[in-house]
Amino acid sequence: MMETDNKTRRGRILISLVALALVIIAFFLFITMNNERISEQNAKYLQGSTEQSARRINEWMTDSQTEVKLLASMYESTLESVADIDVDGIKQLAEYTKFDYTTISLSGGRTFDNTGKEGDASDREYYLQGMEGSSGVCATDHSLFYDDLSVIFYTPLYFQGEVVGVISGAYREGSMEEFLRTYIFDEQTNTYLVERDGAVVAHSSTTYSNNVHNAVDLYLEEDGSGNISRTELEEAFRNGTSVTFTYQGDSGSGTAYVMQVANYDWMLMRTFPASITDAMQARANLAGLVLVALVGGALALLAGFLLVQTMRQRSKLISESEHVTSIVNSSLALFQRFAVIDLEKNTYEYLKDEGIKDDLPRNGEYHMFRYYWETRFCDDGERDRMKVELTPEYIREHLTPEMPYLHLEYRLHDQETGEVKWNQASMIPLQRDSAGVVTSVLLSVQDVTDVKEREIAQHNALQDAFNEAERASRAKTDFLNSMSHDIRTPMNSIMGLTAIASMYVNDPERVKDCLTKITTSSRHLLGLINEVLDMAKIESGNLGLSEEDFDLPETVESLLSIMTPQINDKKLNLKVEIADIKHEHVVGDPMRLQQVFVNIMGNSVKFTPEGGTVSLRIKELPSRVKGSGCYEFTFSDTGCGMSEDFVKTVFEPFTRANDSRVTKVEGTGLGMSIVRSVVNLMNGTIDVKSKLGEGTTFTVTVYMKLREGDEHDLTSLEGLRVLVADDEEAACESACEVLRSIGMEPDYVMSGDDAVAAVRDSEKNGRSYVAIILDWKMPGKSGIEAAREIREIVSEDMPIIILSAYDWTAVEQEARSVGVDAFIAKPLFRSRLVHVMKGLIASDEPEPASEYEVLQQSDFSGHRILLTEDNSIAAAIALDIMGMTGLEVDHAENGRVAVDMLLNAEPGYYELVFMDIQMPVMNGYEAAAAIRAAAEGKGPDGEAIDPRPDLGTIPVVALTADAFADDVARARAVGMNAHMSKPMEIELLVKTLKEWL
């Protein structure tokens with residue numbers, strides 16, 4: 001018995017030793033494979049990092065070359081002669097570049113940098129190449145002005161097609177080191193920018209030796225200490241070939257990667273120190289050692305326990321296995337794999353293992369089963385999920401008596417083919433304990449890749465269709481809401497002004513003022529309607545800008561005429577001021593600019609409570625763009641304000657503040673999005689500052705081209721004294737600044753009482769004012785009350801002017817009765833002030849002609865034209881308007897009648913034809929084509945007629961509501977000479993008649 005026990009003990013010891021040896025061998029294999037894996041991963045990381053940096057360097061070099069060319073182009077645009085080339089110009093432009101310093105070299109090599117230093121660059125590569133008309137980049141160890149390494153981007157400077165100098169921008173050694181500096185796992189690595197011969201252009205190395213200037217010398221000894229020789233590395237540099245090599249040199253050991261910078265002859269070399277790899281390997285090996293120790297200990301314990309259990313259960317398991325196998329074999333064809341998992345014993349046994357390599361046994365420990373499959377899941381997210389779902393705890397928790405099975409879906413990555421396969425696994429309980437907890441399950445696995453791919457494709461197609469439908473619906477809703485927002489504002493003004501005009505039908509001046517404002521709002525509304533009808537712009541999502549001459553005062557007055565009724569309705573205070581406006585005549589898109597202003601000021605009015613203040617300040621800033629003015633428009637209010645979070649999203653579509661104070665305010669949330677889009681189209685900027693409960697300020701800055709305005713003779717105004725009274729000091733100073741700009745000598749006071757006192761003192765001292773400008777609404781004594789007292793002091797011929805940002809028509813009669821001579825709207829623009837002053841003081845400023853006067857002053861007697869118009873009302877209006885000029889006008893109700901009338905008339909009987917487009921019988925395009933065809937002897941129905949050469953030259957002008965660019969082009973294509981859009985503008989009509997008659 002003792003001998004038997006000893007043999008058994010020796011057998012168990014031998015088994016333990018063998019198991020220990022296997023564990024040790026497995027550990028060393030793990031260390032070897034782990035070290036190789038880390039080294040391979042680090043090499044790939046080094047390559048990817050270097051390639052990313054090479055792309056960044058390529059983009060940086062391309063951007064720098066573009067920047068120096070743009071610098072040269074901007075400088076060339078300022079030159080009027082070669083003599084104008086100086087250091088001040090390049091110094092000013094260099095402030096807008098990223099270069100460390102900028103130089104300009106003149107013919108002969110004389111060179112200045114942007115600090116004023118001077119040197120001789122006649123022997124420098126960039127100068128020689130630039131003077132030959134080439135642009136490029138070069139590097140030098142000793143720059144002209146700083147005697148250190150510089151990377152220089154250069155380009156020739158042209159004047160009248162000839163190279164007159166070279167402009168360059170340079171980065172110094174410190175900037176290049178900072179640009180190339182890279183960290184890998186918090187440790188700085190060495191990066192070098194080198195030429196094809198290995199010469200170092202720039203570096204980021206902290207261990208770089210200034211005595212070594214060739215990248216090959218940095219790490220390789222003469223006999224080569226890495227995996228490639230010095231000769232092979234030099235050849236890789238010359239050929240621009242990417243190469244990875246190990247090195248061993250003065251700065252340590254590691255791996256380096258070399259590749260060419262795209263589009264340039266320079267190479268980029270980066271190192272990966274061995275210290276990083278060694279540290280990573282050490283940490284991984286330590287973890288492996290702990291894991292192996294734990295596994296070895298667990299195996300030792302399990303081996304002893306299982307040795308006993310295995311003998312007892314062996315016969316039982318064999319019989320059960322045979323029984324289960326006979327059941328499963330009938331359905332094996334439907335599944336790739338079958339496995340029985342014993343959750344109590346933590347074991348598995350495959351009944352079918354299709355697709356499994358020999359590295360996973362058919363049976364064994366369940367944790368090894370899980371580890372094998374966890375390494376093959378497609379990504380980290382799926383791996384983390386399946387780690388949980390394959391645990392015995394998860395299976396026991398979810399396979400309750402009420403849950404007959406579990407379904408698991410996952411993707412496996414085939415390590416040989418690289419394909420991704422979808423699998424569906426089902427777990428069916430085989431055994432439960434007395435408490436109903438599952439103790440073993442049957443795992444079946446199916447390949448459902450084809451089914452899943454079809455399902456994903458269908459889902460993606462449905463999602464794409466849904467997204468497209470949602471985008472289209474959102475675009476339509478955005479457009480309709482924005483148009484509703486924009487159209488209602490001028491429509492409200494038109495309706496209100498129409499009502500006012502009807503109440504004052506016996507007051508011609510009041511009616512004329514209302515009609516003028518109605519015309520302004522109508523034109524704004526017409527522009528919006530044109531926008532709605534331009535379907536090409538709607539479909540593309542892009543709205544273009546027009547370029548037309550306009551005056552800032554007219555645009556601002558138009559804005560105030562639209563917004564004043566709303567401001568008055570809410571009993572708000574309006575403050576408007578201007579500062580430093582030197583150029584009032586500009587070129588741009590006034591309708592778009594007004595759209596921006598109406599949206600911003602409309603929101604200010606909307607969200608400012610009764611009694612609050614809405615302000616507009618206009619300022620002309622110094623412009624950096626030649627030929628353009630820079631204008632800043634600041635809109636402020638004392639409204640409810642916005643939170644910091646909402647300010648960040650205020651320009652996003654459909655965004656509105658979730659605030660009980662504004663929830664009852666109507667709006668789509670599109671206004672600010674429209675504003676930002678328009679400002680961006682104008683190459684402008686918009687900023688917003690707001691604080692909840694304290695109001696909001698929007699600042700819009702735009703550039704507009706300047707145009708020459710009418711020059712006024714201001715001699716008659718020079719030296720004349722003027723008094724300004726306004727309760728706001730800023731408004732007084734602004735008005736005085738404008739008065740000084742036209743040569744007058746202004747004083748200002750800040751109340752009505754002070755104005756009366758100042759006038760009285762000036763009369764006593766014999767230094768009388770020639771004009772008095774009073775603000776309408778001042779605390780205490782208003783402008784009208786002050787005017788009444790001043791008129792008692794001064795003579796009747798001294799002009800008294802009321803200045804106001806409000807509609808003064810309600811008090812105009814009272815003001816006139818107390819001696820007020822004129823009204824000026826805020827803000828006080830220079831052109832408006834000159835007009836009023838010259839009219840009141842110098843009496844040489846003619847009043848602008850009205851549309852009626854324009855017609856009366858135009859005499860086209862003796863000329864006969866043909867009007868083609870199918871709408872009787874439109875025809876009657878056109879006949880009346882044209883008849884006022886003395887024209888003889890015949891009317892044709894459609895295009896066919898017009899053609900017949902021209903063919904039946906004698907040559908020269910009609911001198912011009914106005915042609916509508918959309919007409920019955922024959923439209924305008926067909927009629928114009930028939931008129932031109934008659935000149936060649938072809939009738940309107942294609943029949944031969946006697947040629948009428950006069951119809952080939954008679955002017956035909958389209959007069960139509962088809963007002964877009966493609967309509968104009970189509971009219972030209974069929975032989976029309978000009979195009980006029982409806983509604984008919986009087987000035988354009990007279991201009992057209994003068995041009996063709």
Side-chain angles (χ1 to χ4, degrees), residues 486-530 550-569 574 590-591 594-595 597-598 776 802 804-816 820 822-826 829 831-832 835-836 839 845-858 873-874 876-885 959 961 963 980-991:
D486 289 347
I487 288 174
R488 288 178 185 273
T489 300
M491 181 59 74
N492 178 64
S493 299
I494 293 170
M495 295 174 67
L497 290 166
T498 302
I500 293 173
S502 65
M503 292 186 291
Y504 291 89
V505 292
N506 295 323
D507 187 346
E509 290 297 323
R510 188 65 179 271
V511 172
K512 180 180 178 182
D513 180 69
C514 289
L515 292 177
T516 300
K517 293 176 180 178
I518 289 172
T519 300
T520 300
S521 297
S522 298
R523 287 176 177 171
H524 179 61
L525 181 60
L526 177 62
L528 294 174
I529 293 173
N530 286 339
F550 72 98
D551 296 328
L552 277 179
E554 293 180 359
T555 300
V556 175
E557 288 178 8
S558 175
L559 167 69
L560 296 179
S561 69
I562 293 174
M563 300 307 304
T564 297
Q566 301 177 42
I567 293 173
N568 293 338
D569 288 344
L574 175 64
M591 196 273 285
Q594 190 176 89
Q595 185 179 18
F597 295 164
V598 168
W776 173 16
I802 292 294
S804 176
Y806 301 88
D807 184 359
W808 58 73
T809 54
V811 296
E812 184 175 0
Q813 186 174 358
E814 179 188 358
R816 297 285 187 186
V820 173
F823 296 84
I824 301 181
K826 288 185 178 180
F829 283 96
S831 61
R832 292 290 187 266
H835 171 72
V836 172
E845 189 76 6
E847 288 292 330
S850 66
E851 291 183 340
Y852 176 75
E853 292 170 336
V854 170
L855 291 173
Q856 290 293 319
Q857 295 167 5
S858 303
I873 297 177
I877 294 172
L879 288 170
D880 285 344
I881 292 175
M882 294 178 183
M884 295 177 67
T885 66
L959 180 59
M980 289 177 55
S981 60
K982 294 180 181 179
M984 184 168 55
E985 296 184 15
I986 302 302
E987 292 184 0
L988 182 57
L989 171 65
V990 172
K991 179 181 178 181

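Just so it is clear, the structure is predicted and the values come from calculations on it, not from any experiment.
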Nearest non-hydrogen partners of Ala501 and Val511, listed with the distance: O-CG2, 3.8 Å
Spacing of Met884 atom CE and Ile986 atom CD1 [to the nearest 0.5 Å]: 8.0 Å
State, to 0.1 Å, how close Gln594 and Leu559 come at their nearest heavy-atom pair, and which atoms those are. NE2-N, 3.9 Å
To the nearest 0.5 Å, how far apart are CE in Met563 and CG in Asn568? 11.0 Å
Euclidean distance, Ser858 OG relative to Lys991 NZ, rounded to 0.5 Å: 13.5 Å
Can you tell which of Leu879, Ile881, Asp880 makes a side chain to side chain contact (heavy atoms under 4.5 Å, CB included) with Ile877? Ile881
Distance, nearest 0.5 Å, that separates CZ of Arg510 from CG of Leu515: 12.0 Å
Nearest 0.5 Å, what's the CD-OG1 distance between Glu557 and Thr564? 10.5 Å
